[in-house]
Structure formats: structure tokens, C-alpha cells
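These notes are about the structure you will find just below.
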2 protein chains.
Amino acid sequence: MSFGETFKALSDPARRQILELLKKGPLSAGDIGSHFDMTGATISYHLKVLKQADLVFESREKNYIYYQLNTSVLEEIMLWVSTLKGGTNANVEGE
Amino acid sequence: MSFGETFKALSDPARRQILELLKKGPLSAGDIGSHFDMTGATISYHLKVLKQADLVFESREKNYIYYQLNTSVLEEIMLWVSTLKGGTNANVEGE
DNA sequence: GAGGTATTTAGAAAATATTCTAAATACTCC
DNA sequence: GGAGTATTTAGAATATTTTCTAAATACCTC
């Protein structure tokens, strides 16, 4: 995992929207695609980018591939941003 | 400000390094450039990207332009990531 | 205001990212 | 194993990003 890869993955609006959809729970590639005006191939490309950035992982079930959020990388992002912002650790509240 | 712009700005390693340099305090464009093997024009380009993302702001003094971190946008990023990650607000600790 | 330093802008080349169509793979269920 | 659905991969077209060189602007000092 690299921050560059993660931030790049987060820089695309479609990919951010995918992550927000996944916030509610796992979805198949097809389900995700139905929210966008893009071909399945393009959705698959975006999912690959998110997967390579470790922002999502997949699990196979029946004839579907379900995607879900990987929150551990989000933690790392928070930590990096927080360290840059402030000071020494990842506290957000207080100061 | 848009998240896309901010994440895109953060996706480049040189730009992240610039931000880390600025963490210690304001620096002129030339000072920043001296840390990189790039032309001044390229540094200027990266500073423009960071400025447009509101991650830095500039102040002019004598013949120099000093750049410094703008932490308020970092707050917003933290909030967005945190909301995606978790739950309801920006708390990092505890859970 | 002329000369000097700092920085940005313009324009072009090269690299990377995004999207599509068409074809391939993967897996299920009969 | 064959038909059918879900998803990915390949390859190409277009758009965007990154970098450079050369020139322009901005500002200071004398």
C-alpha cells in the first residue's frame, strides 16, 4: 500500500461514490454498476483501482463477486493527514 | 474546494513531500525547490496545484513568496474519511 | 528606471488515466 | 458438459497530468 495509490484512488468522484455505497454494506459489481452511467468494464476498472489501493476487498459467493470497504487503510490515511496537520498523533477532538 | 481536487493534489509524492516540508514552517518557492531534483517551473506547477486545492496559501515578503500549510482543509479530509470509515463523526480514538 | 533575483506562465513532449467495445474468463444450475 | 449470467481483460481512443525549456512577470535595491 502506498499513500500515492490511495489518494489517487480517492481522487476520482465515481470511486468515492462507490466507497460511499459500500459503506452501507457489501455489493456486487453489478449492483454498483447500476448506480452509474458507465459500462461494466469501466466499473470493473474502478474496482480494480480501489482494490489495488486496498480500499476494498472482494469475496465470491455464487455467481457474484461482492465488494466491501476495507477500513484499515482509511485509518492509515487519517493518521497521515492528522500527523501532517498537527502534531504527534491521530487525535481529532480537543486539539 | 472539492474532495477530488484535494485528493488529487495529495496523490503526488512530490506534493506530499512539499506539505511535509511546510509542516515545520513557511518556505519560499526557491527553498522548496532546493529539496527536489526538478526545475523551478515544475515546483511552481506543484505549488499551484496545492494552492488550488487550498492545501497551502502564500504570503509575499520582500522578493519572495512564502508558502504555508492550510490545515483547515486537512480537517475536512479527516472528517470525510472518518465518516466513510465509521460512523458518525470524526473521533479517531477509542472507537 | 536599470540590473538582478524569484517566481510564474506558455507551449510542447511524454507519461498516465479514463472510458469504450469486443472478447475472454468464471462460475452456476440444469 | 452446455447455456446463461456476472465480471474481467485486451486493445484502442481520448483526456489529463507531469515535466521541461524558454520567455514573461514581479519585485527589490541601487
Side-chain angles (χ1 to χ4, degrees), chain A residues 1-22 25-70 73 77, chain B residues 1-22 25-70 73 77:
Chain A
M1 197 273 314
S2 81
F3 286 120
E5 218 171 6
T6 309
F7 284 126
K8 192 159 295 174
L10 290 171
S11 74
D12 185 90
R15 290 194 291 260
R16 286 198 306 283
Q17 202 182 330
I18 289 174
L19 295 177
E20 294 191 339
L21 288 171
L22 293 179
L27 289 175
S28 71
D31 286 342
I32 292 167
S34 72
H35 287 81
F36 295 89
D37 188 18
M38 290 169 169
T39 65
T42 298
I43 295 296
S44 182
Y45 162 74
H46 284 306
L47 288 171
K48 186 173 77 176
V49 173
L50 289 169
K51 210 163 34 181
Q52 281 170 348
D54 268 342
L55 283 163
V56 305
F57 58 92
E58 61 184 37
S59 52
R60 289 159 187 271
E61 191 177 336
K62 298 186 62 176
N63 205 11
Y64 299 88
I65 302 177
Y66 287 96
Y67 284 90
Q68 49 194 307
L69 264 183
N70 180 13
V73 175
I77 291 294
Chain B
M1 200 271 316
S2 81
F3 286 119
E5 218 172 6
T6 308
F7 284 126
K8 193 162 295 177
L10 290 171
S11 74
D12 185 272
R15 290 194 292 260
R16 285 197 307 283
Q17 203 182 331
I18 289 173
L19 294 178
E20 293 189 340
L21 288 171
L22 293 179
L27 289 174
S28 71
D31 287 342
I32 293 167
S34 73
H35 287 81
F36 295 88
D37 188 19
M38 290 170 172
T39 66
T42 298
I43 295 295
S44 182
Y45 162 75
H46 284 306
L47 288 171
K48 187 174 75 174
V49 173
L50 289 169
K51 210 162 35 180
Q52 281 170 348
D54 268 342
L55 283 163
V56 304
F57 58 94
E58 61 184 36
S59 52
R60 287 157 188 273
E61 192 177 335
K62 298 185 63 178
N63 206 10
Y64 300 89
I65 302 178
Y66 287 96
Y67 285 90
Q68 50 194 306
L69 265 184
N70 179 14
V73 174
I77 291 294

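Letters A, B, ... are given to chains in the order of the sequence lines, protein chains preceding strands, and every chain is numbered from 1. Heavy-atom basis, side chains included; hydrogens, waters and symmetry copies ignored.
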Rounded to whole Å, how long is the line connecting atom [atom1] of [X] with atom [atom2] of [N]?
X        : N       : atom1 : atom2 : result
Asn63(B) : dC27(D) : CG    : P     : 9 Å
Leu10(A) : dT18(C) : CG    : C1'   : 17 Å
Asp37(A) : dT18(C) : CG    : C1'   : 15 Å
Phe7(B)  : dT16(D) : CZ    : C1'   : 20 Å
Glu58(B) : dA6(C)  : CD    : C1'   : 13 Å
Ile43(A) : dT21(C) : CD1   : P     : 13 Å
Lys8(A)  : dT17(D) : NZ    : P     : 10 Å
Ile18(A) : dT18(C) : CD1   : C1'   : 13 Å

Give a yes/no answer on whether the side chain of [X] brings an N or O atom under 4.0 Å of OP1 or OP2 in [N].
X        : N       : result
Ser28(B) : dA6(C)  : no
Thr39(A) : dT19(C) : no
Thr42(B) : dC20(D) : yes
Lys62(B) : dT5(C)  : no
His46(A) : dT19(C) : yes
Arg60(A) : dT7(D)  : no
Ser44(B) : dT8(C)  : yes

Open item on the list: Tell me if the OH atom of Tyr66(B) is crowded by more than 12 foreign heavy atoms within 6.0 Å.
Closed with: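 More than 12 within 6.0 Å, yes.
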Task: Check: Arg16(A) side chain, Leu10(A) main-chain N or O, donor-acceptor pair, under 3.5 Å - done: yes
Open item on the list: Please check this pair: side chain of Asn70(B) against backbone of Phe57(B), looking for a donor-acceptor N/O pair closer than 3.5 Å.
Closed with: no
Got [X] and [Y] here, is their nearest side-chain heavy-atom distance under 4.5 Å?
X        : Y        : value
Ile77(A) : Phe3(A)  : yes
His46(B) : Thr42(B) : yes
Leu21(B) : Asp31(B) : no

How is [X] classified with respect to the nucleic acid when contacts are heavy atoms under 4.0 Å: base, sugar-phosphate, or nothing?
X        : answer
Gly40(A) : base
Ala41(B) : base
Tyr67(B) : sugar-phosphate

Open item on the list: Please compare Tyr64(A) and Asp12(A) by the position of their nearest nucleotide in DNA chain C and report the one closer to 5'.
Closed with: Asp12(A)
Task: Nearest-nucleotide pick for Leu47(A), side chain only, options being dT8(D), dT17(D), dT9(C) - done: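 Per side-chain heavy atoms of Leu47(A), the pick is dT8(D).
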Open item on the list: Counting only side-chain heavy atoms from C-beta out, which of dT8(C), dC27(C), dT18(D) sits nearest to Ile65(B)?
Closed with: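 Given the options dT8(C), dC27(C), dT18(D), the side chain of Ile65(B) is closest to dT8(C).
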